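Just so it is clear, the values below take in all heavy atoms, side chains as well, and ignore hydrogens, waters and symmetry mates. Just so you know, these numbers come straight off a predicted model, no measurement behind them.
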Amino acid sequence: MYDYLIVGAGLYGAVFAHEAKKAGKSVLVIDKRPNIAGNVYTEKIEGINVHKYGAHIFHTNNKKVWNYITQFAEFNRFTNSPVANYHGELYSLPFNMYTFNKMWGVVTPEEAAEKIEEQRKAAGITEPKNLEEQAISLVGTDIYEKLIKGYTEKQWGRPCTELPSFIIKRLPVRLTFDNNYFNALYQGIPVGGYTKMVANLLDGIEVRLNEDYLEKKAEYDAMAEKVIYTGAIDAYFDYKLGTLEYRSVRFENETLDKPNFQGNAAVNYTDVETPWTRIIEHKWFEFGKDEEGNDLPKTVISREYSSEWKPGDEPYYPVNDEKNGQLYAQYKELAQKESKVIFGGRLGEYKYYDMDAVIASALDMCERELA
Ligand SMILES: Cc1cc2nc3c(=O)[nH]c(=O)nc-3n(C[C@H](O)[C@H](O)[C@H](O)COP(=O)(O)OP(=O)(O)OC[C@H]3O[C@@H](n4cnc5c(N)ncnc54)[C@H](O)[C@@H]3O)c2cc1C
């Protein structure tokens, strides 16, 4: 008999498991995948830590979370500065003075602000009715046409004129020469990869992989006093009220026999004709070097294609609309009646969590549960 059965060896499960063990509890972690680390899993290919479930950049303003996670990994100084490629024209992201200089040749912040204002006025939109109108009313037509339209349409699989305006309430516009995307106090990539970081969290804890809790639920429930469940909440209840929807992403990975493909970790393809949304070149998260500081001769790239989710696909981004919100609320009510089970993490709470937020949420739960 264990004190806790933890379903899911992702960040939420690993943080809870670590804290429970530290509090003297007996813990068993299971995961249906063949590996630990959930969606932050990295796999070494040609000496490069490849982010198998999408590029993950750690960033936070939460000092408590930063002090916590740096016990388990040293972080490098990687700063996310994506590049936008519009039919071969390259622009800095997020929108800042480098972007405006390339777009319009403006040099000073005043000139850039005037140009944006001029385009906003010319568009004459007072009450934006859709995402296109919202974007134009915020940043003008040039930035919308070249840097927002195609990317957003690929991401959502629909024309911007059919997307609601609330998706982009505001757009970050910087009148400084600053390409630092996240602008967070603390950011970086764990040296040696995320998998190593999660392995450190799970050090000394029994972990069983390739084990699907829902296939042997009764057997597993009998093994522990309490269950921490970080799988999908609708799957737990056998989808009896319906299926929660997600947006999914398909990754096409390629190893190339050359040291440098695009010279940056992330390049967003903002035209609508290129079928992928972006290309990640994983080695640049770690400056193109292995842990000993040697240059790596090959490179691994991932093309990302945004896709409609269907049951059986990997669920990535919860769809935060009214229909799914209401369905989740109904599942949450059922979940509250499961006295032995705590639902947590991005799938258990049907919520988009950044890594720092999921760690904070797990630590909060530990404080309540393990006190
Ligand atoms: C494409 C993408 C990019 C992202 N990039 C960033 C980023 O740059 N920065 C950032 O801060 N955050 C990023 N995130 C968010 C980050 O991935 C999450 O915060 C984090 O993975 C959540 O951890 P979790 O433990 O809740 O879930 P998960 O990592 O999904 O872990 C849940 C685990 O439960 C297991 N499981 C599910 N059901 C069962 C079952 N029935 N039986 C056994 N095991 C089960 C799963 O296999 C999985 O391993 C990104 C997310 C996505 C989708």
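Annotation: Lys217, atom NZ; neighbour count of heavy atoms from other residues, nucleotides and ligands within 6.0 Å is above 12. For Glu74, the CD atom counts as loosely surrounded, since its 6.0 Å shell holds 12 or fewer non-hydrogen atoms of other residues, nucleotides or ligands. Under a cut-off of 6.0 angstrom, the local environment of OH in Tyr220 is crowded, with over 12 non-hydrogen atoms contributed by other residues, nucleotides or ligands.
Under the side-chain hydrogen bond (donor to acceptor under 3.5 Å, both in side chains) criterion, Glu153 pairs with no residue at all, not counting sequence neighbours. Residues that satisfy the side-chain hydrogen bond (donor to acceptor under 3.5 Å, both in side chains) test with Lys289, not counting sequence neighbours, are Asp295.
Distance CD1/Ile136 to CD/Gln119: 9.5 Å, rounded to 0.5 Å. Here the CG atom belonging to Asn101 is positioned 10.5 Å from the OH atom belonging to Tyr91, to the nearest 0.5 angstrom. Interatomic distance, OG of Ser306 versus OH of Tyr317, reported as 8.0 Å (0.5 Å rounding). Atoms CD1 and CH2, on Ile143 and Trp104 in that order, are 4.0 Å from each other to the nearest 0.5 Å. Note that OG of Ser92 is 13.0 Å distant from OH of Tyr181, once rounded to the nearest 0.5 Å. Atom CG of Asn253 and atom NE2 of His282 lie 5.5 Å apart (nearest 0.5 Å).
At a cut-off of 3.5 Å, with distance as the only test, no side-chain donor of Asn62 or Tyr186 sits close to an acceptor on the other residue. Judged by distance alone, the side chains of Tyr53 and Glu314 never bring a donor and an acceptor atom under 3.5 Å apart. A donor and an acceptor atom, one from each side chain of Asn39 and Arg33, are located under 3.5 Å apart. In this structure, a donor-acceptor pair under 3.5 Å is absent between the side chains of Ser137 and Arg120. In this structure, a donor-acceptor pair under 3.5 Å is present between the side chains of Glu338 and Tyr236. With hydrogens and angles left out, the side-chain atoms of Glu206 and Tyr2 include a donor and acceptor closer than 3.5 Å. A donor and an acceptor atom, one from each side chain of Asn180 and Asn80, are nowhere located under 3.5 Å apart. A donor-acceptor contact under 3.5 angstrom links the side chains of Glu252 and Tyr305, judged on distance only. A donor-acceptor contact closer than 3.5 angstrom is absent between the side chains of Glu273 and Tyr269. Under 3.5 Å, the side chains of Ser361 and Asp364 contain no donor-acceptor pair of N or O atoms. Residues Gln71 and Asn200 bring no donor and acceptor atom of their side chains to less than 3.5 Å of each other. Under 3.5 Å, the side chains of Glu308 and Tyr246 contain no donor-acceptor pair of N or O atoms. Residues Thr42 and Asn49 bring no donor and acceptor atom of their side chains to less than 3.5 Å of each other.
Minimum interatomic distance between Phe95 and Pro172 (heavy atoms only, all atoms of both residues): CD1-O, 3.6 Å. The two atoms that bring Val191 and Lys196 nearest to each other are O-NZ, 4.3 Å, heavy atoms only. Minimum interatomic distance between Ile36 and Tyr41 (heavy atoms only, all atoms of both residues): O-CD1, 3.5 Å. Of all heavy-atom pairs spanning Ala73 and Met197, the tightest one is CB-CG, 3.7 Å. Closest non-hydrogen pair, Val29 versus Gly8, comes out as CG1-O, 4.1 Å. Here the shortest heavy-atom pairing between Tyr229 and Ala232 reads OH-O, 2.8 Å.
A salt bridge is defined here as a Lys NZ or Arg NE, NH1 or NH2 lying under 4.0 Å from an Asp or Glu carboxylate O, and Glu215 with Lys32 fails to meet this definition. In summary, Arg303 and Glu254 engage in a salt bridge, as defined by a charged side-chain N under 4.0 Å from a carboxylate O. Using a cutoff of 4.0 Å between basic side-chain nitrogens and carboxylate oxygens, Glu369 and Lys226 are scored as salt-bridged. Using a 4.0 Å cut-off between charged nitrogen and carboxylate oxygen, Glu133 and Lys129 count as a salt-bridge pair.
Between Thr270 and Ile148 there is no side-chain heavy-atom pair separated by less than 4.5 Å. A 4.5 Å side-chain heavy-atom check between Leu244 and Ile233 finds at least one atom pair inside the cut-off. Side-chain contact between Phe343 and Gln336 is absent, with no heavy atoms from C-beta onward closer than 4.5 Å. Taking 4.5 Å as the limit, every side-chain heavy atom of Tyr4 sits out of range of all side-chain heavy atoms of Lys21. Put simply, the side chain of Leu28 reaches to within 4.5 Å of the side chain of Met223, judged on heavy atoms. Contact check for Ser248 versus Ser307: side-chain heavy atoms found under the 4.5 Å cut-off.
Evaluated for a side chain to side chain donor-acceptor pair (under 3.5 Å) with Tyr213, the options Asp31, Asp221, Thr230 yield exactly one hit, Asp221. Tested against Val267, the residues Gln262, Arg278, Glu281 include a single side chain to side chain contact (heavy atoms under 4.5 Å, CB included) partner, Gln262.
Leu11 is connected to Val65 through a chain of hydrophobic side-chain contacts under 4.5 Å among Ile, Leu, Val, Met, Phe, Trp and Tyr, so both are in one cluster. Residue Tyr98 is grouped with residue Val173 when hydrophobic side chains (ILVMFWY) are merged at heavy-atom distances under 4.5 angstrom, including chains of intermediate members. Note: the hydrophobic cluster containing Val227 does not contain Leu370 (ILVMFWY, side chain heavy atoms under 4.5 Å, direct or indirect links).
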- Item | Trp66/Thr70 under side-chain contact (heavy atoms from CB on, under 4.5 Å): CA gap, chis, key distance, verdict | CA-CA 6 Å; Trp66 180 248; Thr70 48; 3.7 Å; yes

- Show your reasoning for whether salt bridge (Lys or Arg N to Asp or Glu O under 4.0 Å) applies to Lys25 and Glu225. CA-CA 11 Å; Lys25 307 290 182 189; Glu225 294 288 338; over 6 Å; no

- Query: So Glu291 and Lys44, salt bridge (Lys or Arg N to Asp or Glu O under 4.0 Å) or not? Walk me through it.
  - Reply: CA-CA 12 Å; Glu291 275 173 72; Lys44 235 186 192 102; 3.4 Å; yes

- Please report the C-alpha distance between Phe75 and Gln187 in whole Å, then the side-chain angles of each, then the deciding distance to 0.1 Å, and finally whether the side-chain contact (heavy atoms from CB on, under 4.5 Å) criterion is met. CA-CA 8 Å; Phe75 280 71; Gln187 57 183 320; over 6 Å; no

- Message: Using side-chain contact (heavy atoms from CB on, under 4.5 Å), reason through Leu93 and Asn268 one step at a time and then give a plain yes or no.
- Response: CA-CA 9 Å; Leu93 294 175; Asn268 294 4; 3.6 Å; yes

- Message: salt bridge (Lys or Arg N to Asp or Glu O under 4.0 Å) for Lys146 and Glu89? Distances and angles first, verdict last.
- Response: CA-CA 9 Å; Lys146 290 190 170 181; Glu89 286 173 35; 3.0 Å; yes

- Message: salt bridge (Lys or Arg N to Asp or Glu O under 4.0 Å), that's the test. Do Glu211 and Arg208 meet it? Break it down for me.
- Response: CA-CA 7 Å; Glu211 287 291 321; Arg208 297 186 195 168; over 6 Å; no

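Ring centroids of Trp284 and Phe78 are separated by 6.0 Å or more, keeping the two rings apart. Ring centers of His56 and Phe285: at least 6.0 Å apart, outside the cut-off.
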Under 3.5 Å, which donor-acceptor pairs do the side chains of residues 160-168 form with other protein atoms, sequence neighbours left out?
none

